[in-house]
Structures are given as C-alpha cells and as structure tokens.
Amino acid sequence: MSMENITLISTIIGTLSIITTLIFLILELRKSMSQYKSSNLINRDNQYYEFTNYWSMEENLKVVLKGREDYSSMNDSEKFKFENYIENRVRMFSFSVNSSKVSDTLTFHHNRINDFFKFHGSLECYNDLLKRNLIPYAWNDVIQSGLSSADN
C-alpha cells in the first residue's frame, strides 16, 4: 500500500470519527435540553405554588384584597407589599408567555392577564410602577398585549 492510500484511508477514518462525535454531541445536547426544560417547568410550578401559598396567608391576603379595590388608599407599608405582589405576578406572566408550553395559543395567557388586572387597584398599582420605570419594557409588552386582547 502506498503512502498516498494510507493518507487517504486515515483521512476518511478521521472524518468519520469527527462526524460520529458530532452526532453523539447533538444527541446529548438534545437530551440535556429536554432535561433542562423539564427542570425549568418544575421550578416554575414550585415558584407559582410558593407565590400563591404566601399571598393566600391571611395577613397577606388582606393586603391583596385591599389593594385590588383601592391601591391609592393604602398606607406605605401596604403599598410596598402590594407592589411586590403585582411585580412578581407580572414577572410570572412575562416568563410564562415567553417560555412555557402551557398552551398552544396566547389566548390562555391573555385571559389570565385580563382576569388578574380586572381589579381597578391592581391596574392602578401596575400603572404606578410603570410611571416609576420599575417594570421592564419586555414585561410591559407582554402585559399590554394581554390587556389589548380584551379589546378585540
């Protein structure tokens, strides 16, 4: 066998090993991504549970119910707590719309956004947070999209 043939065979073997390695990497990355998505969904579910559990406690629930009705009548301590409630819920809406597969359409998410902001105080607090530039633009885009869908 000539040196030229040996070089050609080793090039083919090297190329095949690189292609095999790339295929293996692609398969492993797909598995890893699937595991990441599952882990992310479980984590999001846990966060939502913690959120609803916290705000369902009697002391916190009173603040939520009062804020929903009339945000402007709240004292500073209540406003602070209610603003955190609104901001966290808006964050959940934003990440849910942008990354979850809870629903194939945005209708589900938009219905939840509209249901959440049907209370005057919640919308008033949200608008106050917007005026103070405390809500990121990307989050606001998701909320405004949901709110404008009720008009259609």
For residues [X] and [Y], report the shortest heavy-atom separation together with the two atoms involved.
X: Ser56; Y: Thr52; answer: OG-O, 2.5 Å
X: Ile143; Y: Ile113; answer: O-CG2, 4.0 Å
X: Phe117; Y: Ser122; answer: CE2-O, 3.8 Å
X: Gln144; Y: Tyr126; answer: NE2-CE2, 3.8 Å
X: Met74; Y: Gly67; answer: SD-CA, 3.4 Å
X: His120; Y: Glu69; answer: CD2-O, 4.3 Å

What distance separates [X] [atom1] from [Y] [atom2], expressed to the nearest 0.5 Å?
X: His109; Y: Arg112; atom1: NE2; atom2: CZ; answer: 8.5 Å
X: Ile86; Y: Asp128; atom1: CD1; atom2: CG; answer: 11.0 Å
X: His110; Y: Ser148; atom1: NE2; atom2: OG; answer: 7.0 Å
X: Asn88; Y: Glu50; atom1: CG; atom2: CD; answer: 12.0 Å
X: Leu65; Y: Trp55; atom1: CG; atom2: CH2; answer: 11.5 Å

Could [X] and [Y] be called an ion pair, given the rule that one side-chain N must be under 4.0 Å from one carboxylate O?
X: Asp115; Y: Lys118; answer: yes
X: Glu28; Y: Lys31; answer: yes
X: Glu124; Y: Arg68; answer: no
X: Asp70; Y: Lys66; answer: no

Does CD in Glu59 sit with more than 12 non-hydrogen atoms of other residues, nucleotides or ligands closer than 6.0 Å?
->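 12 or below, so no.
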Go through the steps to decide whether Asn60 and Val64 satisfy the test side chain to side chain contact (heavy atoms under 4.5 Å, CB included), and finish with yes or no.
-> CA-CA 6 Å; Asn60 301 325; Val64 170; 5.5 Å; no
Donor-acceptor under 3.5 Å (Ser38 side chain, Ser34 main chain) =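 Answer holds: yes.
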Asn140 side chain to Pro136 main-chain N or O, any donor-acceptor pair under 3.5 Å?
->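 No, because the side chain of Asn140 does not come within donor-acceptor range (under 3.5 Å) of the backbone of Pro136.
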Is any side-chain heavy atom of Phe116 closer than 4.5 Å to a side-chain heavy atom of Met92?
-> no
Should the pair Tyr85 and Phe51 be assigned to parallel (<30°), tilted (30 to 60°) or perpendicular (>60°) ring geometry?
->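 The arrangement is parallel - the two ring planes meet at less than 30°.
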Geometric class of the Phe95/Trp139 ring pair [parallel <30°, tilted 30-60°, perpendicular >60°] =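 Perpendicular.
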Where do Tyr49 and Arg44 land on the side chain to side chain contact (heavy atoms under 4.5 Å, CB included) test, with the steps shown first?
-> CA-CA 9 Å; Tyr49 170 78; Arg44 191 170 308 132; over 6 Å; no
